[in-house]
Q: 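Encoded as structure tokens, here's the structure I'll be asking about.
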Amino acid sequence: MNEIKVQSMSDPSFGKFGVLLTTDRGETKCDTPVVTHVHGIGSLETLGPDPVIAYVKAYRREDFIVDKVERHVNTSEIFFPKSGTAIMVFMGDGPEGGPDPNTAEAYLIEPGCPFISNKSVWHWVPYPIGDEWDTFIIIEDNLIENDIEVLDLETSVKITL
């Protein structure tokens with residue numbers, strides 16, 4: 001079993017799995033005493049032709065062991081965490097193209113920390129620190145039916161706080 005420590009979403013290493021949506025990514029188009037508008041923080045171009053807004057709630061599991069992962073080859077996902085704090089694990093491909101547990105990294109996700117998970121990035125349902133964690137996501141409408149690959153890991157990964 002591999003063991004990984006939790007990192008902050010703001011850590012630059014997250015860049016290989018996705019994009020943290022922050023105001024420093026865009027261009028300030030308007031900045032007055034009553035409004036600030038920062039434009040171009042993220043893009044919907046990697047979502048597919050029919051993006052929709054969905055809601056996901058994850059429930060606490062007794063252990064923080066990842067033994068399964070999923071990915072979406074044709075589309076990315078945009079997360080807008082609503083409440084609770086959770087840990088989400090991401091990993092890259094191994095030599096055979098499947099998930100590589102040796103590349104696994106865990107990130108702490110808090111409300112107000114939106115991010116994009118890139119296409120084809122292996123990940124699993126977040127692990128809430130408390131009883132539950134919930135988020136709004138923008139995904140391709142038929143993502144669950146047509147663009148999800150779920151695999152069991154040959155080597156599980158234990159998350160340590």
Side-chain angles (χ1 to χ4, degrees), residues 4-61 64 66 68-93 99-100 103-150 157 159-161:
I4 57 175
K5 289 198 175 276
V6 179
Q7 304 172 76
S8 166
M9 287 293 286
S10 63
D11 189 293
S13 65
F14 179 69
K16 63 184 154 241
F17 301 116
V19 174
L20 187 60
L21 298 175
T22 62
T23 56
D24 62 349
R25 292 186 46 80
E27 175 187 353
T28 301
K29 295 278 190 167
C30 177
D31 194 5
T32 72
V34 295
V35 66
T36 297
H37 175 101
V38 181
H39 199 75
I41 291 171
S43 173
L44 302 178
E45 69 182 12
T46 60
L47 286 172
D50 195 16
V52 297
I53 299 170
Y55 172 79
V56 172
K57 181 176 281 208
Y59 303 98
R60 183 169 176 92
R61 277 96 82 198
F64 290 160
V66 182
K68 184 179 297 245
V69 289
E70 70 175 26
R71 73 173 173 180
H72 314 288
V73 175
N74 299 309
T75 186
S76 60
E77 296 176 282
I78 304 175
F79 292 78
F80 295 89
K82 181 177 174 284
S83 66
T85 299
I87 300 164
M88 193 163 179
V89 173
F90 300 89
M91 64 185 69
D93 286 332
D100 182 358
T103 66
E105 294 185 25
Y107 294 91
L108 190 65
I109 304 170
E110 299 182 277
C113 183
F115 65 95
I116 300 172
S117 175
N118 290 339
K119 290 180 183 181
S120 291
V121 169
W122 295 102
H123 60 283
W124 192 236
V125 177
Y127 291 77
I129 300 295
D131 291 334
E132 54 191 44
W133 173 84
D134 60 344
T135 186
F136 292 102
I137 58 173
I138 301 176
I139 58 174
E140 173 59 26
D141 188 35
N142 63 11
L143 175 114
I144 301 298
E145 296 83 6
N146 296 319
D147 189 23
I148 190 167
E149 181 179 1
V150 179
V157 176
I159 303 165
T160 58
L161 299 175

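Note that these values count all heavy atoms, side chains included, but never hydrogens, waters or copies made by symmetry.
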Q: When you compare the side chains of Glu140 and His72, does any donor N or O come within less than 3.5 Å of an acceptor on the partner?
A: no

Q: Heavy-atom distance under 4.5 Å between the side chains of Phe80 and Ile138, does that happen here?
A: yes

Q: Given side chains that start at C-beta, do those of Cys113 and Leu20 come closer than 4.5 Å, heavy atoms only?
A: yes

Q: Distance check, rounded to the nearest 0.5 Å: Glu27 atom CD versus His37 atom NE2?
A: 9.0 Å

Q: Answer yes or no: is there a donor N or O on one side and an acceptor on the other, between the side chain of Thr160 and the main chain of Ile4, under 3.5 Å?
A: yes

Q: ring-ring contact (aromatic ring centres under 6.0 Å, His included) for Phe115 and Phe17? Distances and angles first, verdict last.
A: CA-CA 10 Å; Phe115 65 95; Phe17 301 116; over 10 Å; no

Q: Once you round to the nearest 0.5 Å, how far does NZ of Lys119 lie from CG of Leu47?
A: 9.0 Å

Q: Just wondering, more than 12 heavy atoms not from Glu145 lying within 6.0 Å of its CD?
A: yes

Q: Can you find a pair of side-chain heavy atoms, one from Val52 and one from Ile139, that are under 4.5 Å apart?
A: yes

Q: With a 4.5 Å heavy-atom cut-off, do Thr103 and Lys16 have their side chains touching?
A: no

Q: For Asp31 and Thr36, test the side chains for any donor-to-acceptor distance below 3.5 angstrom and give the result as yes or no.
A: yes

Q: Report yes if the side chains of His123 and Phe90 come closer than 4.5 Å at any heavy-atom pair, otherwise no.
A: yes

Q: Measure the spacing between CD of Glu149 and OG of Ser120 and express it to the nearest 0.5 Å.
A: 8.5 Å

Q: Specify the closest pair of heavy atoms between Pro99 and Met91, including all atoms of both residues, with the distance to one decimal.
A: CB-SD, 3.8 Å

Q: How close do Ile87 and Phe64 get, heavy atom to heavy atom, and via which atoms?
A: CD1-CE1, 4.2 Å

Q: Which heavy atom of Val89 sits nearest a heavy atom of Ala104, and at what distance?
A: CG1-CB, 4.1 Å

Q: For the CG atom on Asp131, are there more than 12 heavy atoms of other groups (residues, nucleotides or ligands in this structure) within a distance under 6.0 Å?
A: no

Q: For residues Ser13 and Glu105, report the shortest heavy-atom separation together with the two atoms involved.
A: OG-OE1, 3.4 Å

Q: Let me confirm one number: the CD1-CD distance from Ile137 to Glu77, rounded to the nearest 0.5 Å.
A: 5.0 Å

Q: What residue among Pro111, Pro128, Ser83 forms side-chain contact (heavy atoms from CB on, under 4.5 Å) with Trp133?
A: Pro128

Q: Does any non-hydrogen side-chain atom of Thr135 lie less than 4.5 Å from one of Ile109?
A: no

Q: Within a 6.0 Å radius of atom CG on Leu161, are there more than 12 heavy atoms belonging to other residues, nucleotides or ligands?
A: yes

Q: Quick one: does any side-chain atom of Asp147 pair with a main-chain N or O of Asn74 as donor and acceptor, under 3.5 Å?
A: yes

Q: Rounded to the nearest 0.5 Å, what separation is found between the OG atom of Ser10 and the CG atom of Leu108?
A: 10.0 Å

Q: Looking only at non-hydrogen atoms, find the nearest pair between Ala106 and Ile159 and report the distance.
A: CB-CG2, 4.3 Å

Q: Nearest 0.5 Å, what's the CG-CD distance between Leu143 and Glu70?
A: 7.5 Å

Q: Would you name the heavy atoms of Val121 and Arg71 that are closest together and state the gap between them?
A: O-CB, 3.5 Å

